[in-house]
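Below, chain A is the first sequence line, B the second, and so on; all start at residue 1. Quick caveat, the model's predicted, so the values are computed rather than measured.
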Amino acid sequence: MKNSKILALALLSVFTFSSCNNDDPIAVNEEEVITTVTTTLISGNQTVTMTSRDLDGDGPNTPVVTVSGDLLVNTTYSGAVSFLNESVTPVDNITDEIKAEGVEHQLFFQAPAAIGTFTYADADSNNKPIGLAFTLKTGTAAATGNIVVILRHEPLKSADGVSSGSITNAGGATDAQITYPVQVK
Amino acid sequence: MQTKIYIFFCFCLFCTIGFSQNTVSGKITTQQGLPLSGSHVHIGTKTVSSDVSGNYLIKRLPKGNVKVYVSFIGFQAIDTLVNLAGDQVLNFALKENAAQLQEVIIRQKANTLNKSLLEQKIKTETIEKFSNQTLGDILKEIAGVSSMKTGSSVVKPVINGLFGSRIPVINNNVRLEDQQWGTEHAPNFDVNAAGKITVIKGASGLQYGGDAVGGLIVIEPISVKRDTLFGKTILNLASNGRGGSISSSLHKGNDKGWSWNALGTFKYSGDREAPDYVLSNSGNREANFSGDIKFTGKKYDVSGYYSFYNTTIGILSASHIGNVNDLYNAIKNKVPWAVYDFTYDINNPKQKVQHHLAKLNYNYYFDQTASLAVQYSFQFNKRLEFDVRRGNFNNLAALDLALTTHAINIDYKKTVHDWSLKSGFNGSFQNNFANPATEIRPLIPNFDRIEFGTYGIVNYDISDSFSVDAGLRYDFSQVQATKFYFKSRWDERGYNSEFADFIVGEQGNQWLAKPSFTFHNISASTGFHKEFGQDLHWYTNVSLATRNPNPSEFFSDGLHHSTGVIELGDIALDKEQAVKLSTTLQKKWTAFSVEFNPFINSIRNFMFLRPVGFEKNNRGSFPVWEYQQTNARLAGVDVQTHWKINNQWQHDFALAYVNGRDLTNNEFLIDIPPLNLSNKIQFAKTEWNDLKLELKSEMIMRQNQFPDNNFITNIIVNNELTEVLVDISTPPPAYQLLHFYSEMKFKTFGKSNTTIAFSVQNILNTNYRDYLNRQRFFADEMGRNFQIQLKFNY
C-alpha cells in the first residue's frame with residue numbers, strides 16, 4: 001500500500017538525518033570582548049597605570065581594578081587608553097581597531113573638578129577627537145574621587161558639546177565604562 | 001481493529017443512560033438490491049456507516065423533522081427531511097452515478113473535536129485586510145488576544161496573557177518550529193497563505209501537543225474542493241514606511257484528481273514614522289512562496305506542500321544600547337537618540353530569517369466515517385541576527401542559528417453513532433546548531449531533541465443539545481545540549497553539586513557541558529457543550545497542559561542588548577503545569593449576540609524572569625535576571641458582542657481583561673496585557689457596489705498591575721557619579737486609537753471582480769507607547785498610516 005511506502009520513506013529520512021550527530025563544538029573565540037582597559041598617565045618620570053581586567057567578559061566575575069599610584073596636584077599628565085582582549089591567544093589589541101575606526105568611536109573622561117580636567121589630544125579623519133590620547137591637568141588641592149572612562153560606539157560626534165568631551169548629547173552605545181578610584185595629593 | 005480502538009477509548013467512557021427516543025434502522029442497497037457496505041448515513045446530528053450487509057442503526061433521535069443524508073462514492077447522495085414520530089425503518093436504494101461528477105466526499109471537520117471550547121475563527125476576508133501586516137496583527141481581532149512586539153514588524157500573539165512557547169502555532173497541520181522561545185522572534189508565517197485562522201484559548205487541541213499552556217493558533221490554508229481555477233492578487237500601498245506589498249495566488253480545485261495552489265508574496269517597506277520622528281532602521285523586506293499539489297483518488301488523497309518564508313527586519317537603531325546608563329538616558333530623554341532621515345536601507349541591528357517547510361500527506365478514507373492520515377514534515381529555520389559591531393564584524397552575524405526539525409504524525413479519526421474519536425501518534429527529531437563563527441558566545445547552544453507523543457480524544461453526544469468530550473495525551477521528550485559555560489558562571493549557578501556529571505571537557509576558563517534531560521508528560525482535556533434552545537450555548541472546558549523548559553529558559557547566559565539585562569537560564573528548572581478552566585456563555589437574540597468567556601489558569605512551576613542582583617564588567621554594571629519558577633494564576637474575562645442595528649449598520653464590541661499573580665512571591669506578573677476595549681461601527685450597502693465603511697476605536701488602559709523591577713544605577717552628573725533610579729517597570733499611559741476602513745467592489749469582466757479599499761490607521765496621529773512593546777523605552781509607536789488596497793479576483 002502506498003501508505004506504508006510513504007511512512008517507510010519518512011522514517012528512513014528521519015533516521016538518516018538524525019544519525020549525523022554534531023561533533024563537539026568549538027569554544028567561541030570572543031574576538032570583540034574588551035577584557036582589559038588600561039589608562040596610563042605620564043608626567044616627567046612618574047607613570048600612573050590604572051587597569052580594569054575582567055577575563056570572563058559577561059560572566060559573573062567582577063573586573064579587577066588597580067591603580068598603581070597617586071596623582072600629584074597641579075600637574076599635567078599626558079594620558080593614553082588601551083583596550084585589550086586577553087581572552088584569546090594571541091592577545092588582541094582593540095586599540096588599533098578603535099583608532100582605525102576613529103570616526104565611529106569616542107572616549108569620554110569624567111571626574112570631579114577637584115581631581116582635574118581633561119583635554120583631547122588626538123583626532124579622527126574628520127578632525128573630531130577620539131580620546132585614545134589626552135591630557136589631564138590635576139586640581140590644585142588634594143582630593144579623592146573617581147575617574148570614569150567611557151568608550152562610546154557610534155556617538156553623535158557633531159552633537160552639541162560632544163567634541164569638547166561632554167557625554168550628555170553623545171548617544172551611541174557604551175562599549176566600555178570603567179571607574180578608577182584615584183587620589184590627588 | 002476498530003473494536004480495539006473503541007476499547008482503547010474506554011478510559012473516557014461516560015456512564016450515560018440514553019435519553020431513549022426514536023430509533024431509525026434500515027438497509028442501504030444499490031437499485032439492484034446489492035448491499036452497500038460502508039456507506040455514510042447521517043441523520044440529525046448522528047453519523048454511522050452501514051455494515052457489510054448494508055444495514056445501519058441509529059438510536060436516540062429526537063422527534064420531528066430531521067435531516068437525512070445518505071451517500072456512497074459512485075452513487076447519487078440522498079439528502080432529505082424525514083418526520084420522525086416513533087421508531088422507524090428507512091431503506092435506501094442508491095442510484096449509480098454514471099457521470100461520476102456529482103460526488104461529494106463528506107469529510108469530518110478538521111478541528112472541531114473539542115466541542116466544549118468555543119473556538120474563535122478569523123475568515124479569509126479579514127485575513128485579506130491584513131495582507132500587508134503580520135499574523136500577530138490579525139489575531140488582535142479576537143477578544144483576549146493581544147500582541148507582544150519588538151518594534152513594528154516583530155509581532156507575537158499573546159492569548160489571555162501568555163505568549164511564546166506557551167502558544168504553539170500550527171500551520172497546515174504542522175507545528176511551526178521557529179525559535180519561538182526568543183521574545184524578538186515572531187512566527188515565521190506569511191499571512192496571505194492563511195485561509196482560516198482558529199484560536200483555541202486553552203490546551204484542548206491535544207492532537208497538536210500537550211504543552212499549549214496559553215492556547216493554540218491553528219492556521220489552515222485555502223483549499224478548494226470543487227473543479228475550478230481561480231486567482232487572486234492583492235496589492236497594498238502604505239504611506240507610513242512608504243512601501244507596500246503584493247501577493248498573488250492561483251488555486252486549482254478539484255473534487256477528484258489533481259488540484260494545486262501556489263502563492264507568492266513580496267513586501268517592502270522603509271523606515272516607519274512615529275508622529276514626531278522617523279523610527280530609524282525600522283524597514284523590512286519579505287519574500288515568500290508557498291505551494292501544494294494534491295491528488296484525490298477514490299478512497300485516498302496524497303499531497304505535497306512546500307513553503308518558504310524569507311525576511312529581513314531592521315531593528316530600531318536607538319534600541320541598541322551598551323549598558324544601563326544608556327537605558328537610563330533613553331527612558332529619561334523620551335526621544336530616540338538616533339533619528340536620521342527616512343531611508344529604505346536596513347542597517348545593523350537587523351534580523352534575517354528564513355523558514356522552509358516541506359511536507360507529505362497521505363489520507364486514507366476507510367469509509368465515510370473513518371480515516372487515517374499520515375504526514376511527514378520537514379522544517380529548516382535559519383536565523384541571523386546582526387548587531388552593531390566593530391569593523392568587519394559588522395558583516396558577521398552576532399547570532400547564527402540553524403534549526404532542523406523532522407516530524408511524523410499519524411492520526412486516525414472515526415465517527416460512530418454518537419461518538420467521534422480521534423487518536424494518533426507523533427514523533428519528531430530536532431537539531432539546533434549555533435554557528436561559532438559569529439565569534440560571540442551563542443545565546444542558545446547546540447542541542448538535539450527527540451519527542452514522541454500519543455493521544456486520544458473522544459466526543460460523545462449525550463443528546464442533541466448536550467455533548468461531552470475528553471482527551472488524554474502522553475509525551476516523551478529528551479533533550480541533549482552541548483554548551484560551554486564560564487567556570488565562574490558554572491560556580492555562580494551552583495551547578496557543581498547537582499550537575500557535575502554533565503561536564504565532559506575543559507577549554508581555558510570554560511567547561512564544556514552536555515546537559516541532558518528527559519521528560520514524561522501527561523496532558524488532558526475535558527468539558528461539555530450544552531445548548532439551551534437555539535440561542536443559548538454554554539461551553540465549559542478544563543485542560544491540563546505540561547510544558548518543558550525551552551532552550552532559553554534552560555540555557556540563557558549573557559547580556560540582552562535591547563534591555564541591558566543579563567539573562568540567566570537554569571538547568572535545574574522543572575516542567576510547568578497549567579490547569580485552565582474556561583467557560584463561555586453565548587446568547588443570540590435576533591439582532592444582538594453576546595459571548596462571555598471568563599477563565600482561570602493556575603500554573604504550577606510557572607517560568608519567568610526575576611531580577612536577582614547586579615553584575616559588573618568592563619561595560620558597566622548590569623542588572624541580572626534569572627529564570628525562576630513560581631506558582632502563578634491568571635484569571636480574566638473576554639467579552640464580545642455583535643449588534644445588527646439594521647440592514648446597513650452593525651456594531652461590534654470586545655473587551656479583554658486579565659489579572660496575573662505570582663502567588664509564591666505575592667506580586668503581579670510582568671508583561672500582562674492591560675484592560676482593553678474595542679468598538680467598531682460598520683455601515684454596509686450592497687446596492688452601492690458593496691460599500692463598507694468602518695470606524696474602529698481601540699482603548700488600551702494603563703496596566704496598573706505590574707511588578708516593581710526598578711533598580712538604582714550610577715550615572716555621571718556634572719562629572720560626579722550620582723545614583724539614579726532606572727524605571728523599567730512603570731507601564732506607559734493609557735491610549736486610544738481610531739482607525740478607518742472602507743471598501744467597494746466592482747465587477748470588471750466576466751467572473752472577475754476588483755475590490756478597492758482605503759484605510760487609515762491611527763487617524764489622529766496619536767503619540768503612544770505600548771506596555772507589551774520591547775522597544776517602549778526607546779521610541780513611540782507608529783503614527784498615522786494611509787493605506788490603499790486593490791484586490792483582484794479572477
Among A:G172, A:G171, A:A159, which has the most heavy-atom pairs under 4.5 Å with chain B? A:G172
What's the separation between atom CG in B:N323 and atom CZ in A:R152, rounded to the nearest 0.5 Å? 7.0 Å
Only one of A:D58, A:T62, A:N61 clears side-chain hydrogen bond (donor to acceptor under 3.5 Å, both in side chains) with B:N617; which? A:D58
Can you confirm whether B:W337 sits close enough to A:L156 that some side-chain heavy atom of one is under 4.5 Å from a side-chain heavy atom of the other? yes
Which residue out of A:I98, A:I167, A:T89, A:T35 racks up the most heavy-atom pairs below 4.5 Å with chain B? A:T35
Shortest non-hydrogen contact from B:G322 toward A:A173: N-CB, 3.8 Å
B:R389 and salt bridge (charged side-chain N to carboxylate O under 4.0 Å, His left out): which partner among A:E97, A:E101, A:E104, A:E32? A:E32
Whatever's closer than 4.5 Å to a heavy atom in chain B on A:I94 counts as side chain
Select one option (side chain, backbone, both, neither) describing which atoms of A:A111 are under 4.5 Å from chain B's heavy atoms. backbone
For atom CG of A:N126, decide whether the heavy atoms of other residues, nucleotides or ligands shown that lie under 6.0 angstrom number more than 12. yes
Please classify the contact between B:N435 and chain A as side chain, backbone, both or neither, with a heavy-atom cut-off of under 4.5 Å. neither
Region of A:I147 that comes under 4.5 Å of a non-hydrogen atom in chain B: neither
If you round to the nearest 0.5 Å, how far is CZ of B:R619 from CG of A:D175? 5.5 Å
Side chain, backbone, both or neither: which part of A:I34 has an atom under 4.5 Å from a heavy atom of chain B? both
Among the listed options B:V388, B:I566, B:N333, B:N329, the residue most often paired with chain A at heavy-atom distances under 4.5 Å: B:V388
Between A:P112, A:A113, A:G145, who has the most heavy-atom pairs with chain B when the cutoff is under 4.5 Å? A:P112
Roughly how far, to the nearest 0.5 Å, is CG of B:N348 from CD of A:E154? 8.5 Å
Salt bridge (charged side-chain N to carboxylate O under 4.0 Å, His left out) between A:D54 and B:K616, intermediate numbers included: CA-CA 9 Å; A:D54 184 6; B:K616 268 181 111 161; over 6 Å; no
Given that the side chain runs from C-beta out, which part of A:D56 has a heavy atom under 4.5 Å from chain B: side chain, backbone, both or neither? both
Residue pair B:N618 / A:R53, side-chain heavy-atom distance below 4.5 Å: no
Looking only at heavy atoms and a cut-off of under 4.5 Å, which of B:T438, B:I440, B:N509 has the most pairs with chain A? B:I440
If you count the non-hydrogen atoms of other residues, nucleotides and ligands that lie under 6.0 Å from NZ in A:K185, is the total more than 12? no
Select one option (side chain, backbone, both, neither) describing which atoms of A:T179 are under 4.5 Å from chain B's heavy atoms. side chain
Other residues, nucleotides and ligands only: do more than 12 of their heavy atoms fall within 6.0 Å of NZ on A:K99? no
Proximity breakdown for B:E439 and chain A, heavy-atom pairs closer than 4.5 Å: both
